[in-house]
Amino acid sequence: MTLNFSERRDLLADKVLEDSAIIVSAASVKSRISDTEYSYRQDSNFYYLSGYEEPESLILIRPNQDKERFIIFCRDRDPLREQWDGFRTGQEGVIQDYGADAAYSINSIDEIMPKLLEGAKNIYFSMSAPCGVDAKISSWVEDIRKNTRSGAEPPQNLLSLDSILHEMRLIKESNEMDLMKQAANITTEAHIRAMQSVRPGMYEYQLEAEYLYAFNKNGARSPAYNSIVGGGNNSCILHYVENNAELKDGDLVLVDAGCEYKYYASDVTRTFPVNGKFSPEQREIYSIVLEAHKQSMEQAKPGNKWNLMHEKSVEVIVEGLLSIGLLQGSRDEIIEKGEYSKFYMHRIGHWLGMDVHDVGSYKQDGDWRPLEEGMVMTVEPGIYILDSMEDVDDKWKGIGVRIEDDIAITDSGFEILTPDVPRTIEEVEQTVQG
Ligand code: GLY
Ligand code: MN
Ligand code: MN
């Protein structure tokens, strides 16, 4: 199924209660200092429903209105500002190019919005979006309330748009899947490029530069999240982003880096030896993680509960750690008491889409939800053995391994979106040495 933005709005309109208005705000601009801003990225919900990328804008959908059903508030055209900051679409432009039935200046929103909301019983908005629109909605509703004696009817219910919109975003349309595959392909090229260029003595940020170069060169203008490039003990720090240490001969480097392409994320981790050859201990740990990755992924099919993949990864990792003596005792007891979590402390993965940790619930009515065709997720088991761990033989210390790929659930199983990133020990060694 491929939908355009207006079809998505229609589908959403069918899912809300009668007599509702839907409000979605653009992402806020974040100031860095004085007139310098952090690079702007549109809010995913806003983009998903409009395709419109400019800041300081807001969309209003009124499903029960015949006229002015889809309204965009946006910045005014302004030749001077456009000379300094770039093109603005303006009100005429959003009607023409973005299918708005009407458009107003964002500067007059406080005057106009109360009139447009009057008569709606319910207002839906995203309660999870950090844009402060909830306070604005309260003040618009308050303005309507002031006129009740003249017959104005204020909305009665403020409702969360999140569960409805997030469920839509969770199941990817075919055009979204195409974009995710393009993001995955660019990320694949970046990982191969980095593996081919790693050398002892290089700094983590220099390896990171290989990713950024490959992303940008291919039109993916930013990573989907801050890249993690950790050598040696840094590979054991889950959200390590300093990326400023030297890569040492004999160490592994763990790189968790994925690009965003046209609003869609990829999220891939590879762990490889800086000198091109896994040591026997690194090989042992890598093999356990690889087996966990493989067996978890085999649980990915429609109807299987989300948690099965995680449970499988725990079983394989616990059995592996028992076999090399890093855990001792009974497998079932270790699993039940969570004693493996000092080595494997995160879950098997997460939904992936417009955001790296994408929207969509993992449980329904208190139980793990079954997988469905069109869901996209990561599979990312790992084992991390910090230098500072007590009761661990020194030979294992400073080894952190994660293997992460992106998969889509199909009608009968799964498809790997990142099949060509070197994964086995042989493939990885060949690529680094080659
Ligand atoms: N890169 C973030 C994650 O793997 O979840
Ligand atoms: Mn990742
Ligand atoms: Mn991930």
Side-chain angles (χ1 to χ4, degrees), residues 41 44 169-170 172 180-181 183-192 194-195 204-205 207-208 210-212 214-215 220 222-231 234-243 252-261 263-272 286 289-290 292-294 296-297 299-300 306-307 309-310 312-314 317 341 343-362 371 375-384 400-409 414-423 428:
R41 196 265 193 192
S44 296
R169 281 177 52 193
L170 179 57
K172 270 65 182 178
M180 296 203 71
K181 284 182 185 169
N185 289 343
I186 295 170
T187 293
T188 299
E189 185 179 319
H191 275 275
I192 293 172
M195 283 185 197
E204 291 163 345
Y205 53 75
L207 192 59
E208 183 182 11
E210 302 294 336
Y211 288 84
L212 299 177
F215 293 169
S222 87
Y225 51 92
N226 293 331
S227 308
I228 296 164
V229 184
N234 294 337
S235 64
C236 304
I237 301 167
L238 298 181
H239 293 158
Y240 175 79
V241 290
E242 286 84 352
N243 302 352
L252 291 177
V253 58
L254 180 154
V255 184
D256 186 343
C259 71
E260 176 176 297
Y261 182 71
Y263 284 88
Y264 286 84
S266 53
D267 182 7
V268 172
T269 306
R270 282 297 182 268
T271 311
F272 41 99
Y286 194 94
V289 177
L290 186 61
H293 181 277
K294 173 169 169 279
S296 303
M297 216 152 51
Q299 301 300 319
W306 159 261
N307 207 38
M309 294 170 67
H310 182 68
K312 182 53 79 179
S313 70
V314 169
I317 285 175
S341 64
F343 299 113
Y344 176 36
M345 63 297 284
H346 57 75
R347 297 192 62 79
I348 186 66
H350 49 84
W351 307 133
L352 184 70
M354 299 186 80
D355 293 299
V356 62
H357 293 168
D358 206 32
V359 294
S361 65
Y362 293 88
L371 300 175
M375 291 174 168
V376 178
M377 68 198 67
T378 65
V379 184
E380 49 178 306
I383 295 176
Y384 313 90
V401 174
R402 178 163 66 254
I403 304 170
E404 176 175 30
D405 282 291
D406 304 340
I407 65 170
I409 303 298
F414 66 92
E415 177 186 0
I416 306 185
L417 304 184
T418 45
D420 298 327
V421 189
R423 188 175 301 103
V428 169

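Residue indices begin at 1 and follow the sequence shown. Counting starts at 1 for both ligands and their atoms, in listed order.
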Residue pair Y263 / R41, side-chain donor-acceptor N/O under 3.5 Å = no

Check whether any N, O or S atom of E380 sits under 2.8 Å from the Mn ion (ligand 3).
-> yes

Under 4.0 Å to a heavy atom of H350 - the qualifying atoms of ligand 1, by number = 3 (C), 4 (O), 5 (O)

Classify the side-chain pair D405/T418 by whether it contains a donor and acceptor separated by less than 3.5 Å.
-> yes

Kindly give the atom name of the N, O or S atom of D267 closest to the Mn ion (ligand 2).
-> OD1

E404 heavy atoms within 4.0 Å reach ligand 1 at atoms 4 (O)

Polar atom proximity, R402 to ligand 1 (N or O, under 3.5 Å) | no

Provide the atom name of the closest N, O or S atom of E404 relative to the Mn ion (ligand 2).
-> OE1

Region of D267 engaging ligand 1 - heavy atom pairs below 4.0 Å | side chain

With a 4.0 Å cut-off on heavy atoms, does D256 reach ligand 1?
-> yes

With a 3.5 Å cut-off and no angle check, do the side chains of D420 and T188 form a donor-acceptor pair?
-> no

For the residue pair S266 and Y261, establish whether any side-chain heavy-atom pair is separated by less than 4.5 Å.
-> no

Report the nearest protein non-hydrogen atom to atom 2 (C) of ligand 1: residue, atom name, distance rounded to 0.1 Å.
-> H357 NE2, 3.6 Å

Mind checking whether the Mn ion (ligand 3) has an N, O or S of H357 under 2.8 Å?
-> no

Given side chains that start at C-beta, do those of Q299 and L371 come closer than 4.5 Å, heavy atoms only?
-> no

Is the closest side-chain heavy-atom distance between W351 and Y362 below 4.5 Å?
-> yes

H357/Y225 aromatic ring centres below 6.0 Å = no

